[in-house]
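Heavy-atom basis, side chains included; hydrogens, waters and symmetry copies ignored.
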Amino acid sequence: MRKVLLSLALCCMSAMSFAQKEVTIKAGTLIPFQAVNTVKAADVDEGQKLNFRVARDIVVDGVTAIPYGSMANATITKAKKSSWWGTRGRLAASITEIVMPDGTVIPIQNGNFEIKGKNRTALSVVLFLFVTIPGCAICGSKAEMPAGYEIVANVAANTKLKVD
């Protein structure tokens with residue numbers, strides 16, 4: 001009888017330890033992100049997706065709700081390469097969501113960012129007007145987002161997650 005009770009108690013304890021807990025990530029929770037790859041404005045198009053990862057564990061009620069390294073999707077909203085007359089390159093994107101391994105989507109807001117190269121229009125015009133060098137051939141600098149580039153965004157809506 002003792003063996004039966006002991007095995008029943010062990011089964012109940014193991015079932016409770018494997019049970020999933022549900023936590024709610026509140027709207028407005030700050031989440032830091034890092035770029036996974038280096039991205040150049042000249043190499044991408046508007047509407048293309050970029051990969052970001054969560055830069056640290058997000059803990060809710062003492063439980064890791066979003067682990068470090070969870071992938072987030074960003075959409076490119078502007079991609080302009082540098083061009084003649086000193087025009088600088090521009091790269092803008094918006095982090096829109098985190099997709100958890102179980103398929104739960106966490107909506108993100110305020111994840112917009114823009115990276116600009118150096119503008120060399122003034123130099124180009126001055127050289128064109130006063131020097132024999134064709135100033136129109138001078139380009140602005142390229143817009144490039146390095147791997148590891150960091151941005152902080154907010155959770156857009158209360159989201160329930162099941163965690164281990």
Side-chain angles (χ1 to χ4, degrees), residues 23-61 63-163:
V23 296
T24 300
I25 299 176
K26 297 189 184 221
T29 301
L30 294 175
I31 301 179
F33 295 98
Q34 287 181 332
V36 174
N37 301 316
T38 298
V39 178
K40 296 178 183 178
D43 298 339
V44 293
D45 296 314
E46 291 180 15
Q48 189 173 334
K49 298 286 186 184
L50 298 177
N51 292 323
F52 279 76
R53 67 177 164 247
V54 175
R56 67 172 171 80
D57 290 340
I58 305 300
V59 178
V60 177
D61 298 332
V63 178
T64 301
I66 304 173
Y68 166 80
S70 296
M71 297 307 290
N73 297 322
T75 304
I76 295 175
T77 56
K78 185 188 296 182
K80 300 203 183 246
K81 64 182 183 175
S82 60
S83 62
W84 289 25
W85 292 103
T87 304
R88 65 182 166 205
R90 292 187 179 121
L91 177 66
S94 178
I95 298 175
T96 54
E97 63 189 13
I98 300 172
V99 180
M100 299 301 289
D102 67 355
T104 304
V105 176
I106 302 170
I108 301 297
Q109 67 184 5
N110 300 330
N112 303 330
F113 64 92
E114 184 171 7
I115 298 169
K116 299 176 185 177
K118 279 188 177 176
N119 192 0
R120 296 183 182 146
T121 302
L123 174 64
S124 177
V125 170
V126 167
L127 288 176
F128 182 75
L129 292 175
F130 298 110
V131 184
T132 59
I133 298 172
C136 63
I138 294 174
C139 293
S141 66
K142 298 174 170 90
E144 181 178 311
M145 179 185 66
Y149 180 81
E150 293 188 3
I151 181 171
V152 177
N154 305 57
V155 173
N158 289 348
T159 308
K160 291 185 179 189
L161 293 176
K162 291 183 180 178
V163 294

Task: Lys/Arg-Asp/Glu bridge criterion (N-O < 4.0 Å) met for Lys78, Glu46 - done: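 Salt bridge between Lys78 and Glu46, a charged N being under 4.0 Å from a carboxylate O: no.
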
Open item on the list: Is any side-chain heavy atom of Val39 closer than 4.5 Å to one of Leu50?
Closed with: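 In contact.
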
Separation of [Y] [atom2] from [X] [atom1] (nearest 0.5 Å):
X: Ile108; Y: Thr159; atom1: CD1; atom2: OG1; value: 8.0 Å
X: Ile66; Y: Arg56; atom1: CD1; atom2: CZ; value: 10.0 Å
X: Asn110; Y: Ser94; atom1: CG; atom2: OG; value: 9.0 Å
X: Asp43; Y: Leu91; atom1: CG; atom2: CG; value: 10.0 Å
X: Thr104; Y: Ile98; atom1: OG1; atom2: CD1; value: 11.5 Å

Task: Val54 and Met71: CA distance, side-chain angles, deciding distance, side chain to side chain contact (heavy atoms under 4.5 Å, CB included) verdict - done: CA-CA 7 Å; Val54 175; Met71 297 307 290; over 6 Å; no

Open item on the list: Between Val152 and Ile31, does the side chain to side chain contact (heavy atoms under 4.5 Å, CB included) criterion hold? Intermediate values first, please.
Closed with: CA-CA 6 Å; Val152 177; Ile31 301 179; over 6 Å; no

Within the distance-only criterion (no hydrogens, no angle test), does the side chain of [X] pair as donor or acceptor with the backbone N or O of [Y] below 3.5 angstrom?
X: Asn51; Y: Val36; result: no
X: Asn154; Y: Thr29; result: no
X: Thr77; Y: Thr75; result: no

Minimal non-hydrogen separation, [X] against [Y], with atom names:
X: Val60; Y: Thr24; result: CG1-O, 3.5 Å
X: Met100; Y: Pro67; result: CE-CD, 4.0 Å
X: Ala41; Y: Ala79; result: O-CB, 3.8 Å
X: Tyr68; Y: Ala55; result: CD1-O, 3.2 Å
X: Ala27; Y: Ala156; result: CB-O, 3.8 Å

Open item on the list: I'd like to check the salt bridge (Lys or Arg N to Asp or Glu O under 4.0 Å) partners of Glu150; sequence neighbours left out, ordered by chain and number.
Closed with: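 By the salt bridge (Lys or Arg N to Asp or Glu O under 4.0 Å) rule, Glu150 matches no residue at all.
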
Open item on the list: I'd like to know whether Glu97 forms a side chain to side chain donor-acceptor pair (under 3.5 Å) with Asn73, so could you lay out the CA-CA distance, the side-chain angles of the two residues, the decisive distance to 0.1 Å, and finally the verdict.
Closed with: CA-CA 6 Å; Glu97 63 189 13; Asn73 297 322; 3.2 Å; yes

- [ ] Quick one: list whatever passes ring-ring contact (aromatic ring centres under 6.0 Å, His included) with Phe52, sequence neighbours left out.
- [x]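 In terms of ring-ring contact (aromatic ring centres under 6.0 Å, His included), with neighbours along the sequence ignored, Phe52 is linked to Phe113.
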
Open item on the list: Taking salt bridge (charged side-chain N to carboxylate O under 4.0 Å, His left out) as the cut-off, I'd like each qualifying pair that reaches into residues 99-109, sequence neighbours left out, listed once.
Closed with: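 Non-adjacent pairs meeting salt bridge (charged side-chain N to carboxylate O under 4.0 Å, His left out): zero.
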
TODO: Could you walk me through whether Thr38 and Glu144 pass the side chain to side chain contact (heavy atoms under 4.5 Å, CB included) test, one step at a time?
DONE: CA-CA 7 Å; Thr38 298; Glu144 181 178 311; 3.6 Å; yes

TODO: List the steps, then state whether side chain to side chain contact (heavy atoms under 4.5 Å, CB included) holds for Ile106 with Val155.
DONE: CA-CA 7 Å; Ile106 302 170; Val155 173; 4.0 Å; yes

Open item on the list: Taking NZ in Lys49 as the centre, count heavy atoms belonging to other residues, nucleotides or ligands within less than 6.0 Å. Is the count above 12?
Closed with: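 Atom NZ in Lys49 is crowded, with more than 12 foreign heavy atoms closer than 6.0 Å.
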
